[in-house]
Structure formats: structure tokens, C-alpha cells
**Student:** 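Sending over a structure as C-alpha cells; questions will come in a sec.
Order of appearance sets the numbers: ligands from 1, and atoms from 1 within every ligand.
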Amino acid sequence: MKTVFSGVQLSHAPKHEISDGELKPAVEIPSRAEMVLAAVKQRRLGDIFEPDDFGMRPVRRVHSDGYVDFLEGFWEKWTAAGRQSEAFPFVWPVRSLRADPVPDHIDGLLGRYSMDAGTPLGGHTFAAAKASANTAITAAKLVMDGEKSAFGLCRPPGHHAGADFFGGYCFFNNAAIAAQWLRDNGLARVAILDVDYHHGNGTQSIFYGRSDVLFLSIHADPRQEYPYFLGHADETGEQAGTGFTRNWPLPLGTDWQAYLPALEDACRWLLVYRPEVLIVSLGLDCFEKDPISGFKFTSEDFFDLGRKLSFADIPTVFLMEGGYAIEALGTNCVNVLEGFETG
Ligand code: OKP
Ligand code: ZN
């Protein structure tokens with residue numbers, strides 16, 4: 001399987017995150033991608049390619065102009081306001097407050113275009129997020145051009161980012177951008193299966209009213225886990241998209257055996273929908289030793305996950321999302337990809 005990766009993605013290097021009422025060491029850090037890249041090389045998964053530059057058009061097909069312009073101009077505004085460290089939002093236009101007009105002040109903009117205070121922004125965040133989106137599109141293009149599968153080693157991740165907000169360590173929604181790019185380049189039906197431990201709220205929200213992109217997500221129950229406010233089983237789409245979103249919230253402590261029925265259910269929906277391409281939002285944070293998650297996958301189980309996904313026999317783009325057990329991340333990720341290839 002071919003891998004796509006850009007070193008520019010390493011330039012987003014947050015130091016801290018707000019978590020558990022403290023400023024803690026960031027977990028979504030460059031070494032995550034480095035560990036996966038090392039495993040891809042060491043286990044000879046296949047050749048590694050730099051992404052092509054698709055420009056900002058495919059990004060703007062998914063994200064609002066206001067949001068893209070905000071991210072692009074953020075560091076200039078931030079430093080012009082006299083700040084030098086990484087940024088966190090702290091005020092949001094919740095119920096009874098107005099999202100429009102969009103504020104001028106950078107602190108207002110940070111709140112208007114975000115969903116949480118756990119996602120640091122720095123001087124290289126925009127460049128890294130752009131490279132991550134290009135990585136996703138390049139992997140999608142490989143599959144559209146005839147590869148049976150491809151791996152986009154994306155970082156920062158994307159699935160929490162909505163049309164006009166960042167959060168959950170995500171800035172541009174790589175999977176959504178790749179799916180939209182495939183649609184814009186002639187494919188009629190694309191499916192996204194999100195196996196990250198956390199619900200892919202951004203991806204779901206982007207396609208909630210549409211039937212041309214099926215969104216399936218298996219994740220920790222939002223009653224107990226981030227992102228808390230989306231990912232329940234009764235969310236199945238709206239209007240033209242009714243029935244084209246499916247969620248499998250599972251309890252904390254779920255192991256591979258308990259996960260399997262949900263995955264098999266999701267695979268049945270894939271077979272019914274018959275997408276021309278499947279995009280897998282590949283989080284590795286269902287791992288038992290993940291520092292911020294509560295499922296119980298072993299490293300071996302990730303082989304079985306890849307194997308299961310291959311049964312659908314659909315051209316498949318894997319895009320990396322979360323996974324924070326740094327030491328095991330490369331092993332777990334390549335286990336999925338090898339499991340898929342060996343079927
Ligand atoms: C991103 B992805 C833990 C704070 C967790 C957000 C988690 C984002 C996960 N104390 N904050 O889906 O892996
Ligand atoms: Zn996650």
C-alpha cells in the first residue's frame with residue numbers, strides 16, 4: 001500500500017493543552033506521525049509519496065470562507081495583538097449569544113470558529129493543516145486512479161473540524177475534504193467509516209443533509225466521552241440525508257469482541273450503499289493503553305480490524321485521525337493496513 005506524507009505536517013507542534021483543569025503537555029504532537037512513518041518504513045508497507053498541492057479550493061468546498069480566512073490570518077492577528085505563545089479560545093457564542101456579526105477581535109474570532117479550549121493554535125498550524133488536507137486528497141487520488149487502497153498519514157487529524165470550526169485537535173476535516181474532492185471528480189457515492197474512539201462530529205455535521213456521502217461512526221458513547229454533544233444512535237441524517245448517517249455509541253471498556261457486532265453492522269450498511277470509494281477515518285485510540293481513551297483493543301486486534309474492512313472489497317483510502325499511545329502507534333496503524341492488504 002502506498003503512503004502519502006508531508007514533513008510540513010510536523011511543523012504544528014503544540015506544547016500544551018487545556019485538560020482536566022490544568023495546562024498539560026499536548027498529546028497531539030509531531031512524534032505521532034514520526035512513529036507511524038517509521039513503522040511504515042520498517043515494515044515495508046510500500047512507497048512513500050509527498051502530497052500534491054491542490055490549493056485551497058478543495059478545502060473551501062467543505063469549509064466556509066470566513067473560517068478558512070480566519071485560520072490563514074490567525075497568527076498575524078494574534079501576534080499583532082501582542083501575544084507570542086500558542087492560543088486557546090475561551091468564550092463561545094452559545095445559546096442566547098450571537099454568532100453573527102463575526103467579531104473583529106482575535107479572542108472573539110477564536111471563539112466564533114472553535115468548539116473547545118483543548119486545541120492549541122500556533123504559528124504553523126495553518127500550514128500543517130493545509131499539508132494534512134493535501135495528504136488526504138493525494139491518497140484519495142491514488143485510489144481514484146486505480147490503487148486498491150492508499151494511506152494518507154494525516155496530521156493534524158480532521159474529524160472533529162466542522163464547516164466553520166476547529167476543535168478536538170482538528171482544523172481542516174481531511175476525510176470530508178477527500179470525500180468532497182472525489183465527488184467533484186466524478187464519483188457518485190462515497191462512504192466514510194470513522195473508527196476513531198471519538199465520534200467524528202465534524203464529518204457528520206458536514207454531510208448530515210446529504211445522501212451522496214454516507215457517514216458511519218463507531219465510538220465511545222458521547223454521554224461519557226468527548227465530544228459529548230454529538231454521536232448518539234438516534235442521529236441518522238436529515239432531509240435528503242435521512243438514513244445516510246449511522247452511529248454506534250459503545251460503552252467505556254469495550255473490547256474487540258464487543259466492538260465487532262457494531263463493525264459488522266456498519267459493514268452491512270456499506271454493502272447496501274455500494275460506495276465507489278470508502279474513506280476510513282483511522283483513529284488508533286481504541287487501543288487499551290491509549291492515555292486519553294477507554295476502549296480495550298490489543299495491538300493484535302488492529303490486524304482483525306483491517307481484515308474486516310477488506311471483506312467489503314471497496315477501494316479504500318485510510319486517513320489517520322487520533323491515537324496517542326505514541327510507542328505503539330506505528331505498530332497499531334500498520335497492523336490495520338497490513339490486515340487490510342492480506343485480507
Ligand atoms: C481527538 B481525536 C482529555 C481531553 C481530551 C479532546 C480529545 C480529542 C480527540 N482529558 N480532549 O478524535 O482523537
Ligand atoms: Zn480520537
**Student:** For the Zn ion (ligand 2), which N, O or S atom of Asp285 is at the shortest distance?
**Tutor:**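 Of all N, O or S atoms belonging to Asp285, OD2 is the one nearest the Zn ion (ligand 2).
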**Student:** Taking Pro103's backbone N and O only, do any of them form a donor-acceptor pair with Arg112's side chain (distance below 3.5 Å, no angle check)?
**Tutor:**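 Looks like no, no N/O pair under 3.5 Å.
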**Student:** Please find out if less than 6.0 Å separates the ring center of Trp181 from that of Phe54.
**Tutor:**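 Yes, the ring of Trp181 comes within the 6.0 Å limit of the ring of Phe54, centre to centre.
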**Student:** What class does the angle between the rings of Tyr228 and Tyr226 fall in, given that below 30° is parallel, 30 to 60° is tilted and above 60° is perpendicular?
**Tutor:**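 Answer is perpendicular, since the angle exceeds 60°.
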**Student:** Classify the ring geometry between Phe172 and Tyr67 as parallel (under 30°), tilted (30 to 60°) or perpendicular (over 60°).
**Tutor:**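 Plane angle over 60°, so perpendicular.
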**Student:** Determine whether the aromatic ring centres of residues His12 and Phe171 are separated by less than 6.0 angstrom.
**Tutor:**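 Centroid separation for Phe171 and His12: below 6.0 Å.
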**Student:** List ligand 1's nitrogen or oxygen atoms that come under 3.5 Å of a protein nitrogen or oxygen, with the partner atom and distance.
**Tutor:**
{"from": "ligand 1", "atom 1": "10 (N)", "to": "Ser19", "atom 2": "OG", "distance (Å)": "2.9"}
{"from": "ligand 1", "atom 1": "10 (N)", "to": "Asp20", "atom 2": "OD1", "distance (Å)": "3.2"}
{"from": "ligand 1", "atom 1": "12 (O)", "to": "His159", "atom 2": "NE2", "distance (Å)": "2.6"}
{"from": "ligand 1", "atom 1": "12 (O)", "to": "His160", "atom 2": "NE2", "distance (Å)": "2.7"}
{"from": "ligand 1", "atom 1": "12 (O)", "to": "Asp196", "atom 2": "OD1", "distance (Å)": "3.0"}
{"from": "ligand 1", "atom 1": "12 (O)", "to": "His198", "atom 2": "ND1", "distance (Å)": "3.1"}
{"from": "ligand 1", "atom 1": "13 (O)", "to": "Asp196", "atom 2": "OD2", "distance (Å)": "3.4"}
{"from": "ligand 1", "atom 1": "13 (O)", "to": "His198", "atom 2": "ND1", "distance (Å)": "3.3"}
{"from": "ligand 1", "atom 1": "13 (O)", "to": "Asp285", "atom 2": "OD2", "distance (Å)": "2.9"}
{"from": "ligand 1", "atom 1": "13 (O)", "to": "Tyr324", "atom 2": "OH", "distance (Å)": "2.5"}

**Student:** Start with the C-alpha distance between Tyr197 and Phe295, add both sets of side-chain angles, then the distance that settles ring-ring contact (aromatic ring centres under 6.0 Å, His included), and finish with yes or no.
**Tutor:** CA-CA 8 Å; Tyr197 169 80; Phe295 283 2; 4.8 Å; yes
**Student:** How is the N/O/S atom of His198 that comes nearest to the Zn ion (ligand 2) named?
**Tutor:**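 Of all N, O or S atoms belonging to His198, ND1 is the one nearest the Zn ion (ligand 2).
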**Student:** Please name the atom of Asp196, restricted to N, O or S, that is closest to the Zn ion (ligand 2).
**Tutor:**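 Checking each N, O and S atom of Asp196, the shortest distance to the Zn ion (ligand 2) belongs to OD1.
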**Student:** Under a 3.5 Å distance rule, please check whether Glu86 uses its side chain to pair with a backbone N or O of Gly122 as donor and acceptor.
**Tutor:**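 Absent.
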